[in-house]
Amino acid sequence: VQMCGSRIASTAAEKSFQALSPVFKQQFDLKMAARALWGSLSLLRVVWCLLPQTGYVHPDEFFQSPEVMAEDILGMEASRPWEFGPSSSCRTVVFPLLTSGSAFWLLRLWEQLGLWPGPLSGYKLLVGPRLLLTALSFALDRAVYHLAPLWGAERWTALVLLAGSYVTLVFYTRTFSNAIEGLLFAWLLVLVSPRVAGNPTPKRPPSGPWWHSWLLGGVVAAGFFNRPTFLAFALVPLFLWGVGGARNPGFKSLAHEALVLLPGAALTAAGFVAIDSWYFSSPLRASTLVLTPANFLHYNLDPQNLARHGTHVRLTHLVVNGFLLFGPLHIQALQTTWQQLQASPWAFAQMGFLRALGARSLLTSHRSYLLLLYFTPLALLSAFSHQEARFLIPLLVPLVLLCSHRAQPVPWKGTLVFFNALGALLFGCLHR
């Protein structure tokens with residue numbers, strides 16, 4: 001009897017496996033196809049940089065990094081923008097030194113060693129810094145690879161959406177401070193996500209190593225010195241990180257969590273201030289501490305100064321720039337927001353903001369947090385009258401995580417491909 005029962009069970013298991021094997025095979029084939037597609041798009045990103053792209057997206061690509069470093073490193077005659085003048089100094093020099101400065105230093109070294117057949121050409125001066133930014137852009141892919149399982153997203157679908165976006169192909173391969181901001185935001189999410197997205201229980205997660213909070217504080221400080229608008233992107237991740245680690249979702253617990261970020265933030269800020277003060281010092285001026293974020297805020301909080309660069313309607317980011325950059329993915333985010341509001345319209349009013357965000361029973365899906373990560377910075381940046389589309393490029397990472405959720409297919413695939421191909425052609429090749 002036992003032998004007969006074993007044979008029956010074995011036969012049933014074998015039939016079940018045979019029935020399921022086509023499903024597993026199909027899933028495996030889809031995953032392999034997604035990997036191959038991501039690899040092809042990654043290769044396109046490098047080739048796209050080397051061609052090079054002929055589109056002139058915005059003067060800041062050159063004025064805020066290569067133009068300054070070409071004069072400092074290569075001794076070329078250049079038009080130094082007002083942000084890098086000793087009297088104004090609104091931009092930190094640290095990231096231009098690390099990106100365009102490093103690229104130009106290598107080009108000068110190779111020229112001195114005779115590794116180039118001739119003098120530095122315009123092609124090398126253009127592509128050198130861009131190639132470095134293109135290499136750094138793969139840190140976005142690494143971040144999404146790490147974040148996708150934590151946020152309930154299909155890993156390779158998210159990577160394909162990231163690599164196939166024309167925002168990655170055009171903006172993240174150029175020397176924009178917004179690209180650096182996007183990289184720092186992505187890795188800020190990597191640091192906070194194990195506590196925020198990877199902890200499904202309401203219990204307080206175990207404390208990480210001491211250097212984790214120092215590194216987190218350092219990333220926040222570096223992002224703030226790169227662009228003070230980084231705080232708009234960092235607000236929700238830091239808040240959710242504090243709520244996830246606090247014993248009680250109250251102000252005192254959140255303040256205690258914030259204090260652990262101070263050592264890393266203070267050390268990083270001190271380094272930026274020291275380098276900027278050294279760079280902007282001059283023999284005709286007494287040595288003083290240069291606080292570039294303070295100068296940046298003093299200039300940009302004046303409406304008259306912003307008016308010189310152009311003023312926009314407050315809803316420009318929501319109704320124009322979001323569609324311009326992300327197309328169907330922005331539409332999907334708006335639809336998901338509407339669905340979430342219909343599901344629990346009075347939850348925040350009944351429970352209170354702090355308790356609602358800390359309640360795992362309310363935000364059972366990761367989509368609610370991802371919507372906060374996407375729309376909160378967008379709303380905060382909309383408070384300023386000067387609104388350019390490139391200001392939103394750091395939002396690409398939470399958006400691809402939101403739109404590659406395991407429970408739903410990617411929307412409008414054909415439209416998405418056409419949209420990104422058109423955007424890459426217009427902004428990467430034909431613009432201006």
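We number each residue from 1, following the sequence as shown. What you see is a predicted model, and the numbers here were worked out from it, not measured in a lab.
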(message) Arg91: which residues meet the side-chain hydrogen bond (donor to acceptor under 3.5 Å, both in side chains) condition with it, sequence neighbours left out?
(response) none
(message) Give me the atom names and distance for the closest heavy-atom approach of Ala143 to Val190.
(response) CB-CG2, 3.7 Å
(request) Decide yes or no for Ser382 and Leu315: does some side-chain heavy atom of the first lie under 4.5 Å from some side-chain heavy atom of the second? (result) no
(request) Apply side-chain hydrogen bond (donor to acceptor under 3.5 Å, both in side chains) to Trp187 and list each qualifying residue two or more places apart in sequence or on a separate chain. (result) none
(request) Could you tell me whether a side-chain N or O of Ser193 sits under 3.5 Å from a main-chain N or O of Leu189, the two making a donor and an acceptor? (result) yes
(message) Would you say that more than 12 heavy atoms from the other residues, nucleotides or ligands in this model lie under 6.0 Å from the CH2 of Trp412, or not?
(response) yes
Please output the side-chain donor-acceptor pairs of residues 321-334 that fall under 3.5 Å, not counting sequence neighbours, one pair per line with the distance.
{"unit_1": "Asn321", "atom_1": "ND2", "unit_2": "His317", "atom_2": "ND1", "d": "2.9"}
{"unit_1": "His330", "atom_1": "ND1", "unit_2": "Tyr374", "atom_2": "OH", "d": "2.6"}
{"unit_1": "His330", "atom_1": "NE2", "unit_2": "Leu318", "atom_2": "O", "d": "2.9"}

(message) Angle between ring planes, His309 versus Trp82, binned at 30° and 60°: parallel, tilted or perpendicular?
(response) tilted
(message) Please list all pairs meeting salt bridge (Lys or Arg N to Asp or Glu O under 4.0 Å) that have one or both residues in residues 325-336, counting only residues at least two apart or in different chains.
(response) none
(message) So, taking the atom named CG in Leu162 and the one named CG in Leu396, what distance separates them when rounded to the nearest 0.5 Å?
(response) 5.5 Å
(message) Nearest 0.5 Å, please: how far is CG in Leu297 from SG in Cys90?
(response) 9.5 Å
(message) Distance check, rounded to the nearest 0.5 Å: Leu126 atom CG versus Thr54 atom OG1?
(response) 10.0 Å
(message) Between Asn305 and Asn300, is there a side-chain heavy-atom distance shorter than 4.5 Å?
(response) no
(message) Could you measure the distance from the CG atom of Leu401 to the CZ atom of Arg367? Nearest 0.5 Å is fine.
(response) 13.5 Å
(message) How long is the straight-line distance from CG of Leu159 back to CG of Leu41, given to the nearest 0.5 Å?
(response) 10.5 Å
(message) Contact between Phe63 and Phe84 at the side-chain level, heavy atoms closer than 4.5 Å - yes or no?
(response) no
(request) Could you check if a side-chain atom of Leu259 sits within less than 4.5 angstrom of a side-chain atom of Leu262, using non-hydrogen atoms only? (result) yes
(request) Verify the neighbour count for atom CZ of Arg108: are there more than 12 heavy atoms of other residues, nucleotides or ligands below 6.0 Å? (result) yes
Solution key, residues 420-428 side-chain donor-acceptor pairs under 3.5 Å, sequence neighbours excluded:
{"unit_1": "Asn420", "atom_1": "OD1", "unit_2": "Tyr166", "atom_2": "N", "d": "3.1"}
{"unit_1": "Asn420", "atom_1": "ND2", "unit_2": "Leu416", "atom_2": "O", "d": "3.1"}

(request) Answer yes or no: is there a side-chain heavy-atom contact under 4.5 Å between Leu373 and Leu395? (result) no
(request) Taking salt bridge (charged side-chain N to carboxylate O under 4.0 Å, His left out) as the test, write out the residues that go with Arg45, two or more places apart. (result) Asp141
(message) Counting C-beta onward and ignoring hydrogens, is there a side-chain heavy-atom pair between Ile180 and Thr99 closer than 4.5 Å?
(response) yes
(message) Has Thr316 got a side-chain atom pairing as donor or acceptor with Val313's backbone, closer than 3.5 angstrom?
(response) yes
(message) When you compare the side chain of Leu261 with that of Trp214, does any pair of heavy atoms fall below 4.5 Å?
(response) no
Using residues 65-73 as the side-chain source, report each donor-acceptor pair under 3.5 Å to any protein atom, sequence neighbours left out, with the distance given to one decimal.
{"unit_1": "Ser65", "atom_1": "OG", "unit_2": "Ser100", "atom_2": "OG", "d": "2.7"}
{"unit_1": "Glu67", "atom_1": "OE2", "unit_2": "Ser79", "atom_2": "N", "d": "3.0"}
{"unit_1": "Glu71", "atom_1": "OE1", "unit_2": "Arg80", "atom_2": "NE", "d": "3.0"}
{"unit_1": "Glu71", "atom_1": "OE1", "unit_2": "Arg80", "atom_2": "NH2", "d": "2.8"}
{"unit_1": "Asp72", "atom_1": "OD1", "unit_2": "Arg80", "atom_2": "NH2", "d": "2.7"}
{"unit_1": "Asp72", "atom_1": "OD2", "unit_2": "Tyr279", "atom_2": "OH", "d": "2.3"}

(request) Determine whether the aromatic ring centres of Phe384 and Phe391 lie less than 6.0 Å apart. (result) no
(message) Tell me every residue that passes ring pair (Phe, Tyr, Trp, His ring centres under 6.0 Å) with Phe104, counting only those two or more places apart in sequence or in another chain.
(response) none
(message) Looking at Tyr56, I'd like to know if its OH atom is crowded, meaning that more than 12 non-hydrogen atoms belonging to other residues, nucleotides or ligands lie closer than 6.0 Å.
(response) yes
(message) Quick check against the 3.5 Å criterion: does Arg130 have a side-chain atom that pairs as donor or acceptor with the backbone of Thr175?
(response) no
(request) Please test Leu392 against Phe171 for side chain to side chain contact (heavy atoms under 4.5 Å, CB included), starting from the C-alpha separation and ending with a verdict. (result) CA-CA 11 Å; Leu392 300 183; Phe171 288 91; over 6 Å; no
(request) Specify the closest pair of heavy atoms between Val290 and Ser89, including all atoms of both residues, with the distance to one decimal. (result) CG1-OG, 3.6 Å
(message) If I take atom CG from residue Leu98 and atom OG1 from residue Thr92, how far apart are they, to the nearest 0.5 angstrom?
(response) 9.0 Å
(request) Determine the minimum heavy-atom distance between Leu215 and Leu191, stating which atoms define it. (result) CD2-CD2, 3.9 Å
(request) Examine Arg155 relative to Tyr145 and say whether NZ or CZ is less than 6.0 Å from the centre of the six-membered ring and inside a 45° cone about the ring axis. (result) yes
(request) Verify side chain to side chain contact (heavy atoms under 4.5 Å, CB included) between Leu50 and Tyr123, making sure each step is shown before the conclusion. (result) CA-CA 9 Å; Leu50 295 174; Tyr123 172 83; 4.0 Å; yes
(request) Given side chain to side chain contact (heavy atoms under 4.5 Å, CB included), test Val93 with Ile275 step by step and report yes or no. (result) CA-CA 8 Å; Val93 75; Ile275 295 173; 4.0 Å; yes
(request) Under the side chain to side chain contact (heavy atoms under 4.5 Å, CB included) rule, what do Thr337 and Phe375 come out as? Steps first, then yes or no, please. (result) CA-CA 9 Å; Thr337 302; Phe375 282 108; 3.0 Å; yes
(message) Looking at every non-hydrogen atom in both residues, tell me the closest pair between Thr268 and Gly264 and how far apart they are.
(response) OG1-O, 2.9 Å
(request) Would you name the heavy atoms of Glu257 and Trp241 that are closest together and state the gap between them? (result) O-CZ3, 3.6 Å
(request) Answer yes or no: is there a donor N or O on one side and an acceptor on the other, between the side chain of Tyr369 and the main chain of Trp151, under 3.5 Å? (result) no
(request) List in chain and number order the residues that pass side-chain hydrogen bond (donor to acceptor under 3.5 Å, both in side chains) with Thr173, two or more places apart in sequence or in another chain; answer none if no residue qualifies. (result) Gln53
(request) Kindly write out the residues that satisfy salt bridge (charged side-chain N to carboxylate O under 4.0 Å, His left out) with Arg174, not counting sequence neighbours, or none if the list is empty. (result) Glu61
(request) Evaluate the side-chain proximity of Gln387 to Leu381: yes if any heavy-atom separation is below 4.5 Å, no if none is. (result) no
(request) Using side-chain hydrogen bond (donor to acceptor under 3.5 Å, both in side chains) as the criterion, list what pairs up with Gln335, not counting sequence neighbours. (result) none
With a 3.5 Å cut-off and sequence neighbours excluded, list the donor-acceptor pairs that the side chains of residues 222-239 form with protein atoms.
{"unit_1": "Asn226", "atom_1": "ND2", "unit_2": "Ser177", "atom_2": "O", "d": "3.0"}
{"unit_1": "Arg227", "atom_1": "NH1", "unit_2": "Ser177", "atom_2": "OG", "d": "3.1"}
{"unit_1": "Thr229", "atom_1": "OG1", "unit_2": "Glu181", "atom_2": "OE2", "d": "2.9"}

(request) Return yes when atom NE2 of His298 has more than 12 non-hydrogen atoms of other residues, nucleotides or ligands closer than 6.0 Å, and no otherwise. (result) no
(request) Quick one: closest heavy-atom pair of Gln340 and Leu371, and the distance? (result) CG-CD1, 3.6 Å
